[in-house]
Protein chains: 2
Amino acid sequence: MKIKKEIIDHSTEEKIKNAARKVFTQKGYAGTKTRDIAEEAGINLALLNYYFRSKEKLFDIIMLESFQEFMRSMISVFNDEKTSLEKKIESMVSNYIDLLIIQPDIPLFVLSELRNNPNELIKKMSLDNNLMKSFFMKQIQQAIKDEKISDISPVHFFMNMMSLTVFPFVASPMLKNLGGLNQEEFDKLMQQRKKLIPKWIKAIMKVK
Amino acid sequence: MKIKKEIIDHSTEEKIKNAARKVFTQKGYAGTKTRDIAEEAGINLALLNYYFRSKEKLFDIIMLESFQEFMRSMISVFNDEKTSLEKKIESMVSNYIDLLIIQPDIPLFVLSELRNNPNELIKKMSLDNNLMKSFFMKQIQQAIKDEKISDISPVHFFMNMMSLTVFPFVASPMLKNLGGLNQEEFDKLMQQRKKLIPKWIKAIMKVK
DNA sequence: GTAAAAATTAAACAAATGATTAAATATGTT
DNA sequence: AACATATTTAATCATTTGTTTAATTTTTAC
């Protein structure tokens, strides 16, 4: 029975995790009450502590998973030594936007919680993936050397790619309102950006 | 005495507001305890309610001010009918980055609190400034018509400008870590972006 | 089938937290 | 100086909130 439950993803533990992910992502750590999670999961409040010991430990699990999801689109692409710089940008932007259309709240959640914890997660982050030493960065530096792109800190290019891709989702409530867009229209723009951003990045890289 | 206090900006009311701005901006509404504010302000806890009735009313004041500050750099520039599109972009980016270097936490604060309140502030926002009907947008549409820039939704251009300018500050803890930058190096990159972003925007606008 | 183990529940606890009260002090007015 | 008003303080209240406990039910192992 327990096994069956887990297979069909309905075990109590999973229900709590899914509810926690939803509520934490929406309201942040401080704004989330353990009773919110219990209600969302449809379980008794005590089960949260039974399975996860404390709100904080549960949060750490959710946060780590969200952060890894936030990073995965990047990492998987960055160290691939077979693809060109151009292809890397294309697939990274495309992967990211696909993820963000489904889970638009992850970046704001991760970034706002990261602000309060300049400690643990950041450490895990810097150990797992040294962006500056990735094959992606080497490719950029090589392209600069070959004068194929302009001689600006590679960090700028990385910032630009992330900015153009992620920021619209972080600022979506504001942008939808300012631009007079409903969700559907917003998503349509995001779909367009999958093809546009790589072109824009290419153009940016050539600015002297 | 009261008058003098207010002039030199040391009245109790101002002390509370300044402390509240600092703590709210750092920790968000839910993460802020009224006792944190009182301690930061060096005042008795009861004075917070004496002057501002409640935590929520105090927050509303801070939030509105922060939001207006977040918007000001934009609005002041957008409806100026005398400056060119190019000049508008230059001054908007420059104003924004100057503001953000001094107050880097405003965007993440505003955006993350906006997520929970798709109600009041958003209404105030849309009333005050109809971005889509601004002179800035008319200039973009005209430029598209004149085939000076590519025919893409003007919202994209606005998103791009905001993304390239604001996102690095929203993601600064992550970017500093991934890029191996200290605060000084980060600020130096931001200074560079004041001149770079307008060039990049121009390049983007011409991408077919 | 039965006993042990695991899962679930209702109730309660202790600490935190936003707010209030009543007394004390400071300030302004005449 | 004397009174009224405004400000400040310490103490307290009522609720919320994270967690625990002890009893009950369900599942597992033999």
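So you know, we letter chains A, B, ... as the sequences are listed, proteins then strands, and number each from 1. All values below were derived from every heavy atom in this structure, side-chain atoms included, with hydrogens, water molecules and symmetry-related copies excluded.
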**OP:** For B/Lys88, check side chain to side chain donor-acceptor pair (under 3.5 Å) against everything at least two apart and list the hits.
**Re:** B/Thr83, B/Gln139
Original post:
Taking only residues two or more places apart in sequence or in another chain, which ones pass ring pair (Phe, Tyr, Trp, His ring centres under 6.0 Å) with B/Phe167?
Top reply: none
Original post:
Within this structure, what is the NZ-to-C1' distance between B/Lys55 and D/dT15, rounded to whole angstrom?
Top reply: 14 Å
Original post:
Would you find a donor on one side and an acceptor on the other, under 3.5 Å apart, between the side chain of B/Arg193 and the backbone of B/Leu164?
Top reply: yes
Original post:
Is the phosphate of C/dA7, meaning OP1 or OP2, less than 4.0 Å from a side-chain N or O of A/Thr12?
Top reply: no
**OP:** Take the angle between the ring planes of B/Phe136 and B/Phe78 and call it parallel below 30°, perpendicular above 60°, tilted in between.
**Re:** parallel
**OP:** Specify the separation, in whole Å, of atom CG of A/Asp36 and atom P of D/dT19.
**Re:** 14 Å
Original post:
Could you give the CZ-to-C1' distance, from B/Arg35 to D/dA11, as a whole number of Å?
Top reply: 12 Å
Subject >> Length of the CZ-P vector between B/Arg53 and C/dT21, whole Å >> reply: 10 Å
**OP:** Name all residues meeting the ring pair (Phe, Tyr, Trp, His ring centres under 6.0 Å) criterion together with B/Tyr29; count only those two or more places apart in sequence or in a different chain, and write none if there are none.
**Re:** B/Phe59
Original post:
Taking CD1 from B/Ile16 and P from D/dT7, how many angstroms apart are they, rounded to a whole number?
Top reply: 11 Å
Original post:
Salt bridge or not for A/Lys15 and A/Glu40, using N-O below 4.0 Å?
Top reply: no
**OP:** For DNA chain C, determine which residues of residues 22-34 of chain A have any heavy atom closer than 4.0 angstrom to one of its atoms, and list them numerically.
**Re:** none
Original post:
Residues from residues 41-51 of chain B sitting under 4.0 Å of DNA chain C, heavy atoms only?
Top reply: B/Leu45, B/Ala46, B/Asn49
Original post:
Taking atom CZ of B/Phe135 and atom CG of B/Asp80, what is their separation to the nearest 0.5 Å?
Top reply: 8.0 Å
Original post:
Excluding sequence neighbours, so at least two apart, what forms ring pair (Phe, Tyr, Trp, His ring centres under 6.0 Å) with B/Phe169?
Top reply: B/Phe186
**OP:** Rounded to the nearest angstrom, tell me the gap between atom CD in A/Glu56 and atom C1' in D/dT17.
**Re:** 15 Å
